[in-house]
2 protein chains.
Amino acid sequence: MEERLDASTGYLLARLGAESRRRWARMLAEHQLTPHHLAVLMSLGHVGPAHQQRVSELIGVDPRNTVAVVGLLQRRGLVERAVDPADRRRHTLTLTADGAGLLARLREQVDAVEDLLLGGLPGHERDQLHGLLARLADTLP
Amino acid sequence: MEERLDASTGYLLARLGAESRRRWARMLAEHQLTPHHLAVLMSLGHVGPAHQQRVSELIGVDPRNTVAVVGLLQRRGLVERAVDPADRRRHTLTLTADGAGLLARLREQVDAVEDLLLGGLPGHERDQLHGLLARLADTLP
DNA sequence: TATTGTTATACTCTATAACTATA
DNA sequence: TATAGTTATAGAGTATAACAATA
């Protein structure tokens with residue numbers, strides 16, 4: 001991309017985030033999935049079974065827009081949706097064995113995409129960047 | 001956002017980039033503009049007059065999708081589109097006085113949004129993050 | 001023949017209003 | 001009355017095919 005705008009960190013974040021999303025999307029299209037689908041699988045893999053609203057918060061998607069995402073995963077047998085007996089308004093989402101298996105296989109491809117995206121930075125800077133982004137994510141409302 | 005996924009730097013980038021874009025979009029909606037419109041104004045403010053294709057590269061938007069973005073800015077009198085006499089296929093984009101004025105006023109609001117987004121990080125970490133993102137942007141194809 | 005910009009189109013992503021059922 | 005999830009819809013973002021003018 002030769003010359004760049006460096007005026008705003010927020011802009012760089014949005015710009016590089018879009019690039020990252022684009023690469024994920026291209027990779028996931030082979031599996032007929034979108035970045036949000038993988039985000040749901042990853043979040044369930046990370047925190048275990050969770051209510052749908054919790055997952056929405058974790059992946060940063062409005063609950064109303066999460067419905068269709070989870071719906072597809074359920075129809076594919078990757079995620080199970082069960083009414084919570086303690087509060088029957090709530091639906092608990094759980095990874096199925098198929099879902100966990102697919103997630104494991106996708107992680108390799110995720111890592112490959114990652115290496116291409118971050119390949120220009122030396123290892124210690126990649127770690128530094130990861131740490132800063134993780135901390136920033138924790139500070140958000 | 002309490003607990004987070006920290007498995008992948010690319011994911012954090014996409015996640016925080018979406019958050020950043022969302023905040024920009026909310027701010028810019030008051031001016032009936034989108035993040036892409038501001039990106040065009042910023043890029044012209046940064047590199048001076050430029051061909052449309054060059055701007056497309058700078059803001060990371062396909063030239064076919066840039067047409068409508070620039071078209072709106074032109075109709076609003078913020079950007080001028082002139083045929084390049086040296087190569088009449090090319091259109092040179094230039095900020096008008098109105099465009100430059102609006103850009104200056106928007107920068108304050110951009111900074112305010114930025115402070116809210118990055119407020120959780122101490123100053124030296126914000127600088128570090130900015131440097132890493134700028135370097136990463138330079139390494140991309 | 002290749003490049004710059006354009007038109008048109010379809011599909012995804014995001015935001016929001018209004019609803020159901022449960023609490 | 002408030003909350004979890006849903007339905008439906010409109011707008012913005014993105015990708016791609018086909019084209020005109022110019023080089």
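Computation of the quantities below employed the complete heavy-atom set of this structure, encompassing side-chain atoms and omitting hydrogens, waters and symmetry-equivalent molecules.
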statement: Readout for nucleotides 8-19 of chain C: B = base within 4.0 Å of protein heavy atom, S = sugar-phosphate only, - = neither; 5' to 3' it is -----SSBBB--
- request: Starting at atom CZ of Arg88(A), determine the distance to atom C1' of dT20(C), rounded to an integer number of angstrom.
  value: 13 Å
statement: To the nearest angstrom, the NE2-P distance between His91(B) and dA20(D) comes to 16 Å
- prompt: Is there side-chain contact between Val61(A) and Val69(A), with heavy atoms separated by less than 4.5 Å?
  reply: no
- prompt: For dA4(D), does either OP1 or OP2 sit under 4.0 Å from a side-chain N or O belonging to Gln52(A)?
  reply: no
query: Mind checking whether Asp84(A) and His91(A) have side chains closer than 4.5 Å, heavy atoms only?
result: no
task: Check the pair Glu57(A) / Arg54(A) against salt bridge (Lys or Arg N to Asp or Glu O under 4.0 Å), numbers first and verdict last.
output: CA-CA 5 Å; Glu57(A) 281 169 21; Arg54(A) 177 86 198 294; 5.0 Å; no
- prompt: Does a side-chain heavy-atom distance below 4.5 Å link Leu136(B) with Leu13(B)?
  reply: yes
- prompt: What integer distance in Å separates Asp87(A):CG from dA2(D):C1'?
  reply: 12 Å
Chi angles and distances behind the side chain to side chain donor-acceptor pair (under 3.5 Å) call for Thr34(A), His37(A): CA-CA 5 Å; Thr34(A) 70; His37(A) 294 117; 3.0 Å; yes
message: Which residues in residues 66-86 of chain B have a heavy atom closer than 4.0 Å to any atom of DNA chain D?
response: none
- prompt: Please give, in whole Å, the distance from dT4(C) C1' to Glu57(B) CD?
  reply: 12 Å
- request: Check the pair Thr66(A), Gln52(A) against side chain to side chain donor-acceptor pair (under 3.5 Å), reporting the backbone distance first and the verdict last.
  value: CA-CA 8 Å; Thr66(A) 306; Gln52(A) 195 159 313; over 6 Å; no
- request: May I ask you to test the Leu129(A)-Leu129(B) pair for a side-chain heavy-atom distance under 4.5 Å?
  value: yes
- prompt: Roughly, in whole Å, what's the span from CD in Gln53(B) to C1' in dT6(C)?
  reply: 13 Å
field: Residue-phosphate contact under 4.0 Å: Arg89(B) side-chain N/O, dT3(C) OP1/OP2
entry: no
- prompt: Quick check: does any side chain N or O of Arg15(B) sit under 3.5 Å from a backbone N or O of Leu58(A), one acting as donor and the other as acceptor?
  reply: yes
